[in-house]
Structure formats: structure tokens, C-alpha cells
Number of protein chains: 2
Amino acid sequence: MASDHTRSAILAAAERLYADRGFGDVTLRDIVAEANVNLAAVNYHFGSKDELIAELFVSRSIATNRERLRELKAAEEQGGGRAPIEVILRALVGPTLRGCLGPENQRSTAARFMIRASIESVPPIRRIKNRELDHLRKFAGAMRRALPDRSDVDIYWGLNFALAMAHHTIRESERLTKLSEGKCDLDDVEDVVARVVSVATMALTAGKVEAKAPSRIAAR
Amino acid sequence: MASDHTRSAILAAAERLYADRGFGDVTLRDIVAEANVNLAAVNYHFGSKDELIAELFVSRSIATNRERLRELKAAEEQGGGRAPIEVILRALVGPTLRGCLGPENQRSTAARFMIRASIESVPPIRRIKNRELDHLRKFAGAMRRALPDRSDVDIYWGLNFALAMAHHTIRESERLTKLSEGKCDLDDVEDVVARVVSVATMALTAGKVEAKAPSRIAAR
DNA sequence: TTGCAATTCAAACACTTGTATGAAACTATC
DNA sequence: GATAGTTTCATACAAGTGTTTGAATTGCAA
């Protein structure tokens, strides 16, 4: 038991470095240097590098999932078991967007770490990641309750597109800024959230029963 | 000059392996084993591993960009300098989606390699990647011509979301299949293209001048 | 054939990676 | 204050990486 100080110093340093530079080029020696601890401390406290990553991921994973579910539950209870689709989507993508965009000093290393984890997919994480499916299914359930006459397929596609827009915008935020020559303001996080939620809502509500039929397509 | 055989065998093997397993865990020895050539051949023909990756990326990059621009030009010429927004978007996301999804045997290693390159962002590629901005700007230009009374900001956001949906769907295709318990059919590539194009079109045409209006949408 | 450049090859090199070791330093209980 | 258990530390290890080397082999022109 005792101090725990070294343990948490390692966790914090690892999270920071992974969030900033990705899993690819962060070595154990980088981590222990950042944490000001001895090289052998990682193996002593966590067993191996992979177990360190895994522990980091599971703890952050349940934390952010809890955060998102908290928003979702609150919205559904307030609406008597059924929340508006916009609010559900906002609960889904809001926390991550807020944690990864905006003024540099208020970004959350936890959120940025989770984005890295969702991108790079290093072995120890991939093994655990199935849990996330159950989490997403809860959101799918809420969305189905909000849009009862929508097919499951459309619900899942809408969920997929919402996450797509949020994650891609985070990953390619500098590119979008450069491409638009600064016209797209990625620091205005609430505007970004509103745009993502708005488009995802359209994707889920357009065309009602008829579903998609833009150019042509006979519809399933 | 001479045979060139070794060179192209290495390029093909590297592209295949990178497309399948990513840059992270493909070693030079994996590549030369797959290509049936000697280990030193890579350094002899390309100078270094990074230069091999760079050459692979530039050649594939100009190839797929040419492919997309060909579709775009054709559409604009047919429309007298202005193509419908759906067709533009289809030219943007269609080739990549078709190359990465669908029946396994007809997927293109080139397209899958490019997706890997757009995800993992290894140093030699990151250095070159700025060229892609000019390419995307051409699409932004076509979209502006198609939607003259749309603000630049909205155009760029629409472009961003279209790429977001396409790339994310490719990257997470197995997850979406699992999440939806097979209800979302990722092998029906044309349906996927239609969905992405449809949502992106809505994002770009909804609300007209008023821009985003979270709750619902005045529909043009 | 002879000669010469281009190419292939096996082997080794220098370096980095994660991990293991055993002694030292610390901490708390008796 | 001695002792047992925990934690730190410097150091070494084994394995894997990209790269280099120099001798063999090949291909082709004279």
C-alpha cells in the first residue's frame, strides 16, 4: 500500500504523453522521465507496459462512459423516459468534443487519451474494447425510444455518423482550420457541438418512414 | 535500370502489408519476406524505410486524387461548369468507400493503404500531406459553385463531415456490423455511399441562409 | 570470352525497446 | 532500535529494429 505516489505519477505521465504523441512513439523511458521515477517502477507497479495501458484505458473508459450516461439518464428522466433526440446526441458527442477542442489550457487529457485509444488501437486496448459496444447500445436504445417509428438500421447509421463527425473533427481539427484558412473556428466548441448534433439529427429524422431516397435508390 | 522487378515486388508487398496491418507493426523483415527479396534490397533501392513509405504514399496519393478529380471534372463539364452537390460529394467519397468496403476480394489495396496513411500519420507521410489540402480545395471550389449562396464556413464544414462519415465508417466497419448485429450491411457499398452522400447533402442544404438551427430545420 | 557495372546476398552492426535482477534505501511493527 | 516487508535504484539482459558492409552473383557490352 504505502505511498501510491509513484503509481499515480506514472499513470498521469503516461496519460499525458499518450494523449499528446500517441501510443506509437512513447517509450517506457519517456514515461518514467516525465514522471520522475525509476525505469523499473513501471514493471514493479503494473507488471508490464501493456498492463499499464490497459489499466489506464479501463479506468478512463468507465469514467467517460459514466459521464455520458449521467447526461443521458438525466435527460430521459426529465422527459419521463423519453428524451429529445438532440439531447441524446448531445450527451453522446458533447463530453468528448468539449474535452478535446477549445482553448488549450482547458482540454482534458482524459478525453484526448480516449480519442487516441479509439484511433490507434494498440493490442492491450483492442482486447478490452468490446465493452464499449454495450455502452453504445444503451444510446441506441434511447434513440429508439426517441424515434419509435425509425428502423433499427437507421438508428445505428445515425449513431455511427454522429460519432464519425465528432471523432473526425477532433482528429483533423488542425487540418480543417488550415483548409478553411481559419474560417472554421474549432475553439468555439459549442458551435461545433451544435453543428454535429444538428446534422446527426437531420440524418435521423429526414424523410421519415420513407427513409433515404436522394438521387434515386428504390429504398430497401 | 535493368530488372525493376525487385523494386516493384517490394512496393507491392509493402502496400499489401501496410494496408492489412498498419504501419505500426510491419517490419522491414516482414516486407522482404512477403516480397521474397533480400533484406538489404530495401535500402539499396529506396535508401531507407521512410523513403519507401514516402514513395508509396506519393504515388498512391496522386493516383487516387486523379481518380476523384476525373469524376469531378466529368460531372462539372456535363453540367456546364456546375455539378449537382450530390454528384460532387459522390466523387469525393465514392472511390474510397468502394475501394475499402464491399466483398473482400474486390477491395483495393491502394485505397486501404491510403486510409491507413490518413489514420496513423507516420512521420514520412505527415511531411508530405500538405499537398492534400490543395486537392480538397478543388472540391471546396466545386461545392461553392454548386451552392453559391452558401457561406464558406458551411461549405468547409460540409466537406469535413462528408469525409468524416466516409472514413469513420471504413475504419469502424466491423464495429458497426457487430453493434447492429449485422443489420447494417457494410458489403452493400452503394447503399453506404448513398447514405453518406445523402446526409452530407442535407448538412449542406438545410436551413439555407439561416445556417444551423438545432431543434428542427426549416428545410429550404 | 573477358571485363565491368549493377544487383543480390549473408552476416554483422549500432541502437532502441521492454523486462529482469539483486543490492540499496526506506517504512513501519515489535 | 533491530527486523521484516516494501519500494526504489542502477544496471544488465534478451530480443527486435533499421542500416551497413563486403563479398558473391548476375547481366550485358566490347
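Residue numbering restarts at 1 for every chain, and letters A, B, ... go by the order of the sequence lines. Any value given below was found using the heavy atoms of this structure, including those in side chains, with hydrogens, waters and symmetry copies removed.
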Query raised in the report: Do Thr201(A) and Glu86(A) have side-chain N/O donor and acceptor atoms under 3.5 Å apart?
Result: no

Query raised in the report: Taking NZ, NE, NH1 and NH2 as the nitrogens, is one of them in Arg112(A) or Glu15(A) under 4.0 Å from a carboxylate oxygen of the other?
Result: no

Query raised in the report: Is a salt bridge present between Arg16(B) and Asp20(B), judged by a nitrogen-to-oxygen distance below 4.0 Å?
Result: no

Requested in this report: Using a strict 4.0 Å threshold on nitrogen-to-oxygen distance, state whether Arg90(A) and Glu71(A) make a salt bridge.
Outcome: no

Query raised in the report: How long is the span from the CD1 atom in Ile128(A) to the CD atom in Glu55(A), to the nearest 0.5 Å?
Result: 10.0 Å

Report task. Select one nucleotide: of dT8(D), dT19(D), dG18(C), the one nearest the side-chain heavy atoms of Thr6(A). Result -> dT8(D)

Report summary line: With the side chain defined as heavy atoms from C-beta on, Leu39(A) is closest, among dA12(D), dT8(C), dT19(D), to dA12(D)

Query - Length of the line joining Asn38(B):CG and dA12(C):P, which is rounded to integer Å - result: 14 Å

Report summary line: Contact check, residues 9-25 of chain B vs DNA chain D, heavy-atom distance under 4.0 Å, returns none

**Report entry** For atom NZ of Lys49(A) and atom P of dA15(D), their distance in whole Å
**Finding:** 19 Å

Query raised in the report: Any idea how Phe139(A) and His135(A) line up, ring-wise: parallel (<30°), tilted (30 to 60°), or perpendicular (>60°)?
Result: perpendicular

Report summary line: In numerical order, the residues of residues 40-47 of chain B whose heavy atoms come under 4.0 Å of DNA chain D are Ala40(B), Asn43(B)

Query raised in the report: dG16(D) base to Arg29(B) side chain: any donor-acceptor pair below 3.5 Å?
Result: no

Query raised in the report: Any side-chain N or O of Thr27(A) under 4.0 Å from OP1/OP2 of dT16(C)?
Result: no

Query raised in the report: Can you tell me how far P of dG18(C) sits from CG of Leu52(A), to the nearest Å?
Result: 11 Å

Query raised in the report: Do any side-chain nitrogens or oxygens of Ser48(B) fall under 4.0 Å of OP1 or OP2 in dG18(D)?
Result: no

Report summary line: Rounded to whole Å, CG of Leu28(A) lies from C1' of dG18(C) at a distance of 6 Å

Query raised in the report: What's the spacing between Leu28(B) CG and Phe46(B) CZ if we round to 0.5 Å?
Result: 10.5 Å

Query raised in the report: Is Arg70(B) paired with Glu67(B) through a side-chain N to carboxylate O contact shorter than 4.0 Å?
Result: yes

Query raised in the report: Between Phe113(A) and Phe23(A), is the ring centre distance below 6.0 Å?
Result: yes

